[in-house]
Amino acid sequence: MIRTHYSTQITPEMDGSSVTICGWAHEIRDLGGITFLIVRDREGLAQVTLFKKTIDKNVLDIVRGLSRESVVAVTGQVKKEAKAPNGYELVPMSVTVLGKAESPLPMDTTGKVDADLDTRLDVRFMDMRRPGTKAIFRIRHLVLKSVREFLDREGFIEIITPKIVATATEGGTALFPMTYFEREAFLNQSPQLFKQLMMSGGFDRVFEIGPIFRAEEHDTRKHLNEAISIDTEASFLDHEDVMVILENLIVYVYSNVAERGTEYLKTLGMELKIPDLPFKRITYDEAVDIVRDSGEQIEWGDDLTTESEHTIGKTIGEHYFIVDWPTKIKPFYALPYENKPEICRAFDLMHPRMELSSGAQRVHSYELLRSRIEEQGLYADGFDFYLKAFRYGMPPHSGWGLGLERLIMTMLGIENIREVVLFPRDRRRLSP
RNA sequence: GUCCGGAUAGUGUAGCGGCCUAUCAUGAGGGCCUGUCGAGCCCCCGACCCGGGUUCAAAUCCCGGUCCGGACGCCA
């Protein structure tokens, strides 16, 4: 390929050597006798300096005729220069236009003029060129990488389960229907049932990072119709055990981002505070008390409202778990306590701003599971493919699902979940 | 889905009955300038979401639509 270096790989010590950089014409500053071309590539900016007196006329004409955001390859000599950003500049031998940009641009990439999120999402390819947006997605990559590293070390095996499914699975959320040849099918809301099958399959510990689809018509800054879920399931562990794995994962991810993502955090102008272990555990009953103390009405057995979540979040002030939920507001696969079946071994992991994850020890008895499905008003025969796995040796197991976008947005203090998804899908947006 | 707010050059905004031939920034086009780094200076270009109504007069007020933002609900 033509590129020899990224902008950040060039140092003043390389003075005199010849390099080729490839990138976008970020800015062209023509001062008359001297012209600066700022080339931006994935990693940063490089200054190309053209002295009118000594530069090849053709090269100068190309640079002067360049439109902002055109793609160029610049071959030139590195010159150590204290006056230049990064301590070096490039004196070009040749400048080639590889992709001309039209003008005017649909949005500004230099940070001089803001753009609404809606405008930015319409031209996400151009929004990606801004340092702040780029930083978010570089961090997103670090998060995904850290999750895989951590879970791999904990003995989890990565799996991928189908997204096109035959039946509405867990109840609760609405599903997107679709046509599968001559049959009706749905986009899966969660890998829950499949990862449980893997427990019967003897994989012991599995995880999946993949899309989940929810057909809810919600319209908020923390919901998406297509999101990425980090899902785990582990045999021979109870809900307490997988909560420990979850909180350790969160801290591992934060630490990794703080350590390897310093540059991106700096771009976003933030300092990352790594949460302390262990996270606080409060019971659902205690959560209800906090809500009642604040004056909000809540019945035992109600799910927490947004207001309640905020109240509790403010009271606790850091990551926390809510445990021992009423059985009736948790899915059928959450295991009720033997001695007190109205509550179950389910937990939610909360950030002060919102819920990040929910999990539970699962029902692994075939008979109990079947009756739980029916109690929740679902049709057990529709779960045949799932229930079968509980009849031939299913170990006790537990697991959780963690929303990747919520993890990132709460970590980075980002207000709108759409900021952390390249091409978000919400009630209105289907393109790009 | 309910409630509240909004829609003005490519982008982000000011104006909220007549002072609007619509503000400012950025940008585009032209010019000057040898150290810019959000370069500077001069000239110039470009906009009131759609439909109806009120009024002597509407960007501005009213009604409907569309789109956008926020809160809540649903949901994770």
Side-chain angles (χ1 to χ4, degrees), chain A residues 26-40 44-55 60 64-65 67-69 79 81-87 89 101-123 126-127 130-131 170-175 189-192 211-231 303-310 329-331 346 348-351 354-359 400-407 409-410 415-418 426-429:
Chain A
H26 188 65
E27 288 190 272
I28 301 123
R29 285 194 276 269
D30 184 355
L31 274 64
I34 186 168
T35 299
F36 300 101
L37 163 65
I38 312 299
V39 175
R40 186 193 64 244
L45 302 171
Q47 175 165 291
V48 180
T49 306
L50 300 90
F51 300 96
K52 191 182 177 186
K53 277 187 183 159
T54 52
I55 198 75
L60 185 61
R64 281 185 166 169
S67 54
R68 286 176 56 232
E69 295 300 323
K79 190 179 146 209
E81 175 56 71
K83 280 180 278 187
N86 311 321
E89 61 193 13
E102 290 177 23
S103 60
L105 300 166
M107 62 174 285
D108 170 60
T109 55
T110 61
K112 288 177 200 162
V113 187
D114 278 344
D116 289 341
L117 180 60
D118 195 50
T119 305
R120 291 167 45 211
L121 291 175
D122 281 341
V123 285
M126 184 141 294
D127 183 41
R130 303 164 78 210
E170 301 167 38
T173 195
L175 291 119
Q189 68 181 94
S190 151
Q192 181 61 32
I212 55 172
F213 303 92
R214 308 277 163 103
E216 298 294 338
E217 298 201 8
H218 37 50
D219 195 3
T220 78
R221 296 190 293 176
K222 59 178 185 180
H223 292 279
L224 290 166
N225 295 293
E226 177 179 343
I228 299 298
S229 175
I230 300 164
D231 259 277
D303 211 339
L304 268 24
T305 62
T306 305
E307 191 189 344
S308 328
E309 280 185 9
H310 291 164
I329 54 169
K330 283 292 172 186
D348 279 8
L349 170 64
M350 310 292 297
H351 179 274
M354 68 188 79
E355 179 186 338
L356 297 182
S357 168
S358 62
W400 40 258
L402 166 66
L404 173 67
E405 286 83 10
R406 288 189 176 185
L407 173 63
M409 74 187 286
T410 53
E415 298 292 331
N416 194 321
I417 197 165
R418 285 159 258 243
D426 61 33
R427 180 71 186 89
R428 303 182 188 114
R429 186 173 284 277

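Nothing here was measured: the structure is a model prediction, and the numbers come from that model. Order of the sequence lines fixes the chain letters, A, B, ..., with proteins taken first and strands second; residue numbering starts at 1 for each chain.
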Protein-nucleotide distance ([X], atom [atom1]; [N], atom [atom2]), rounded to Å:
X         : N       : atom1 : atom2 : value
Arg68(A)  : rA28(B) : CZ    : P     : 5 Å
Glu307(A) : rG70(B) : CD    : P     : 20 Å
Arg214(A) : rA76(B) : CZ    : P     : 5 Å
Asp30(A)  : rA28(B) : CG    : C1'   : 16 Å
Met107(A) : rU11(B) : CE    : C1'   : 8 Å

Is any side-chain nitrogen or oxygen of [X] closer than 4.0 Å to OP1 or OP2 of [N]?
X         : N       : answer
Arg406(A) : rA76(B) : no
Lys112(A) : rG27(B) : yes
Arg427(A) : rC74(B) : no
Asn416(A) : rG69(B) : no
Thr220(A) : rA71(B) : no

What interatomic distance, in whole Å, is found between [atom1] of [M] and the corresponding atom of [N]?
N       : M       : atom1 : result
rU23(B) : rG69(B) : P     : 29 Å
rG15(B) : rC49(B) : P     : 15 Å
rA57(B) : rG70(B) : P     : 39 Å

Base-pairing assignment for [N] (Watson-Crick or G-U wobble, both under 3.5 Å):
N       : value
rC61(B) : rG53(B)
rC33(B) : none
rC3(B)  : rG70(B)

Legend entry - Pairwise 5' ranking along RNA chain B for Glu355(A) and Pro85(A), keeping only the more 5' one: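 Closest to the 5' end, via its nearest nucleotide, is Pro85(A).
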Inset, instruction - Nearest-nucleotide wise, let me know which of His223(A) and Arg418(A) is further upstream toward the 5' end of RNA chain B. - result: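 This one resolves to Arg418(A).
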Inset, instruction - Tell me yes or no: between the side chains of Glu27(A) and Thr110(A), is some donor less than 3.5 Å from an acceptor? - result: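 No - no donor-acceptor pair under 3.5 Å links their side chains.
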Legend entry - Side-chain ion pair, Arg429(A) and Asp122(A), N-O less than 4.0 Å: yes
Inset, instruction - Using only heavy-atom distances, decide whether a donor-acceptor pair under 3.5 angstrom links the side-chain of Glu89(A) to the base of rG35(B). - result: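 When only heavy-atom distances are counted, Glu89(A) does reach the base of rG35(B) through a donor-acceptor pair under 3.5 Å.
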Inset, instruction - Look at the side chain of Pro104(A) and decide which nucleotide, out of rG10(B), rU26(B), rG35(B), has an atom nearest to it. - result: rG10(B)
Inset, instruction - Could you list by number each residue of residues 45-54 of chain A showing a heavy-atom separation from RNA chain B of less than 4.0 Å, or answer none if no residue does? - result: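 Listed by number, they are Gln47(A), Phe51(A), Lys53(A).
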Inset, instruction - Could you tell me whether the side chain of Ile34(A) reaches within less than 4.5 Å of the side chain of Leu50(A), counting heavy atoms only? - result: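 Contact flag for Leu50(A)/Ile34(A) side chains = no.
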